[in-house]
Amino acid sequence: MNAEPCTYVIYGSTGNLSRIKLMPALYHLDVANQLPEGTRIIAIGRRPWDQKTWLKELRDMIEQKVKSDMDEHVFKRFSERFHYHRGDLHEPKAYSALAELINNPDQQFSKNIAFYLSISPADFAQVMELLSNNHLFEEEYGWRRVIIEKPFGYDLDSAQALQKRISQVGCIPCTKQRQIG
């Protein structure tokens, strides 16, 4: 595989979409050897969990989807990619702590980072502003991307307002990278 490793930072990692779709999809990518070596995943959540509790929850998420097809060897490799980071997406200090974590050389996170926003559309712009304020979009050592989970707004007006607000922090939605409307 020639793909570069990256660090996925997943907001909403403890939510329903993550449980039903995202974590099982990432697991299946690992089963198919489609996650390059060195790919890491930072699961962000408000819950007062430690790494051990997160990994138990992750196992439950995967087992519910794959049932008897769970490959213990792959799950071990998959779970070693994860780091649970407790943080409230509305708290600015959570972003400075994330920046410290990502920049900590002992953690060995790839400098190519995809921020996956599996959260309410009402929170997209604030999260992106706080990421930007903490210099987490700077591409000096690697690329940075934002993946916005649909829906993009609630209607045309809110989608256009969101597009405008996101553009102010220098981001173009990665979904189709086009203007709405």
Side-chain angles (χ1 to χ4, degrees), residues 1-47 49-87 89 94 98-99 101-121 123-124 127-128 131 136-137 139 141-152 166 171-178:
M1 170 175 258
N2 294 334
E4 296 177 358
C6 81
T7 299
Y8 292 98
V9 178
I10 302 174
Y11 283 87
S13 61
T14 62
N16 193 48
L17 178 66
S18 188
R19 171 176 296 284
I20 293 171
K21 298 283 185 184
L22 187 55
M23 295 304 159
L26 287 168
Y27 171 78
H28 286 296
L29 286 172
D30 213 354
V31 167
N33 290 314
Q34 296 296 306
L35 291 179
E37 188 173 330
T39 294
R40 302 277 311 276
I41 305 165
I42 300 173
I44 297 183
R46 291 180 296 196
R47 296 184 178 152
W49 293 346
D50 59 11
Q51 183 73 4
K52 183 178 178 181
T53 305
W54 163 251
L55 292 177
K56 181 186 179 309
E57 187 68 19
L58 179 65
R59 175 178 280 284
D60 291 344
M61 290 177 186
I62 304 306
E63 284 179 340
Q64 287 178 7
K65 284 299 201 180
V66 300
K67 305 202 181 344
S68 63
D69 292 335
M70 176 77 100
D71 182 322
E72 287 300 325
H73 174 73
V74 172
F75 183 78
K76 182 180 184 317
R77 178 181 69 209
F78 182 62
S79 65
E80 288 172 353
R81 295 180 185 279
F82 278 87
H83 178 91
Y84 182 76
H85 181 73
R86 184 176 178 201
L89 60 92
L98 176 63
L101 175 67
I102 287 172
N103 293 319
N104 181 340
D106 295 336
Q107 292 293 332
Q108 299 181 343
F109 290 112
S110 170
K111 298 303 179 191
N112 297 326
I113 301 175
F115 297 96
Y116 194 104
L117 306 184
S118 180
I119 55 178
S120 168
D123 294 321
F124 292 161
V127 168
M128 292 175 70
L131 288 168
L136 289 164
F137 290 150
E139 295 186 319
Y141 301 107
W143 52 258
R144 305 294 164 101
R145 304 291 185 269
V146 176
I147 303 164
I148 295 176
E149 187 60 52
K150 294 187 283 185
F152 190 83
I166 288 172
C171 294
I172 299 171
C174 295
T175 52
K176 294 199 180 184
Q177 294 190 0
R178 65 179 179 86

**OP:** Applying salt bridge (charged side-chain N to carboxylate O under 4.0 Å, His left out), name anything that partners Arg81, two or more places apart in sequence or on another chain.
**Re:** Asp30
Original post:
Are the side chains of Ile62 and Phe78 in touch, meaning some heavy atoms are under 4.5 Å apart?
Top reply: yes
Original post:
How long is the gap from CE on Met70 to CD on Gln64, to the nearest 0.5 Å?
Top reply: 10.5 Å
Original post:
Between CD1 of Ile10 and OG of Ser118, what distance do you get to the nearest 0.5 Å?
Top reply: 8.0 Å
Subject >> Heavy-atom side-chain proximity of Asp50 to Arg86 below 4.5 angstrom >> reply: no
Original post:
Do side-chain atoms of Gln108 reach the backbone of Gly38 as a donor and acceptor pair under 3.5 angstrom?
Top reply: no
Original post:
Got Val146 and Val127 here, is their nearest side-chain heavy-atom distance under 4.5 Å?
Top reply: no
Subject >> Any residue meeting salt bridge (charged side-chain N to carboxylate O under 4.0 Å, His left out) with Asp60, in chain and number order, not counting sequence neighbours >> reply: Lys56
Original post:
Out of Phe124, Trp143, Phe137, which one pairs with Phe115 under the ring pair (Phe, Tyr, Trp, His ring centres under 6.0 Å) rule?
Top reply: Phe137
Original post:
Who passes side chain to side chain contact (heavy atoms under 4.5 Å, CB included) against Asp106, sequence neighbours left out?
Top reply: Asn104
**OP:** Look up atom CG in Leu26 and atom OG in Ser18, then write down how far apart they are to the nearest 0.5 Å.
**Re:** 8.0 Å
Original post:
Short question: side chain of Thr39, backbone of Pro5 - any donor-acceptor pair under 3.5 Å?
Top reply: no
Original post:
So do the side chains of Thr7 and Ile42 get within less than 4.5 Å of each other, counting heavy atoms only?
Top reply: yes
Original post:
Mind checking what makes ring-ring contact (aromatic ring centres under 6.0 Å, His included) contact with Tyr116, not counting sequence neighbours?
Top reply: none
Original post:
Taking the side chain as C-beta and beyond, is there a heavy-atom pair between Arg77 and Asn33 under 4.5 Å?
Top reply: yes
Original post:
Are Leu58 and Tyr27 close enough, and set up right, to give a side chain to side chain contact (heavy atoms under 4.5 Å, CB included), and what steps lead you there?
Top reply: CA-CA 10 Å; Leu58 179 65; Tyr27 171 78; over 6 Å; no
Original post:
Which of parallel (below 30°), tilted (30 to 60°) and perpendicular (above 60°) describes Trp54 and Phe82?
Top reply: tilted
Original post:
Any side-chain heavy-atom pair from Asp69 and Val31 closer than 4.5 angstrom?
Top reply: no
Original post:
Could you state the interatomic distance from OH (Tyr11) to CD1 (Ile119), rounded to the nearest 0.5 Å?
Top reply: 8.0 Å
Original post:
In chain order, what residues pass the salt bridge (charged side-chain N to carboxylate O under 4.0 Å, His left out) check against Lys76, with sequence neighbours excluded?
Top reply: Glu80
Original post:
Are any non-hydrogen side-chain atoms of Val9 and His83 less than 4.5 angstrom apart?
Top reply: no
Original post:
Rounded to the nearest 0.5 Å, how far apart are CG of Leu98 and CG of Leu131?
Top reply: 7.0 Å
Original post:
Side chains of Tyr8 and Leu22: does their closest heavy-atom pair fall under 4.5 Å?
Top reply: no
Subject >> Non-hydrogen atoms of Ile147 and Ala114 that approach each other most closely >> reply: CD1-CB, 4.1 Å
Original post:
Does a side-chain N-to-carboxylate-O contact under 4.0 Å join Arg59 and Glu72?
Top reply: yes
**OP:** Rounded to the nearest 0.5 Å, what's the gap from NE2 on His85 to CD1 on Ile41? Could you check?
**Re:** 16.0 Å
**OP:** Would you please name every residue forming a ring-ring contact (aromatic ring centres under 6.0 Å, His included) with Trp49, sequence neighbours left out?
**Re:** Tyr84
**OP:** Give a yes or no on whether the backbone of Leu136 and the side-chain of Arg144 come within a donor-acceptor separation of less than 3.5 Å.
**Re:** yes
**OP:** Given side chain to side chain contact (heavy atoms under 4.5 Å, CB included), test Arg47 with Thr53 step by step and report yes or no.
**Re:** CA-CA 10 Å; Arg47 296 184 178 152; Thr53 305; over 6 Å; no
**OP:** Measure from the side-chain N and O atoms of Asn112 to the backbone N and O of Gly142, and report whether any donor-acceptor pair falls under 3.5 Å.
**Re:** no
**OP:** Examine distances only and state if a side-chain atom of Arg46 and a backbone atom of Gly87 form a donor-acceptor pair shorter than 3.5 Å.
**Re:** no
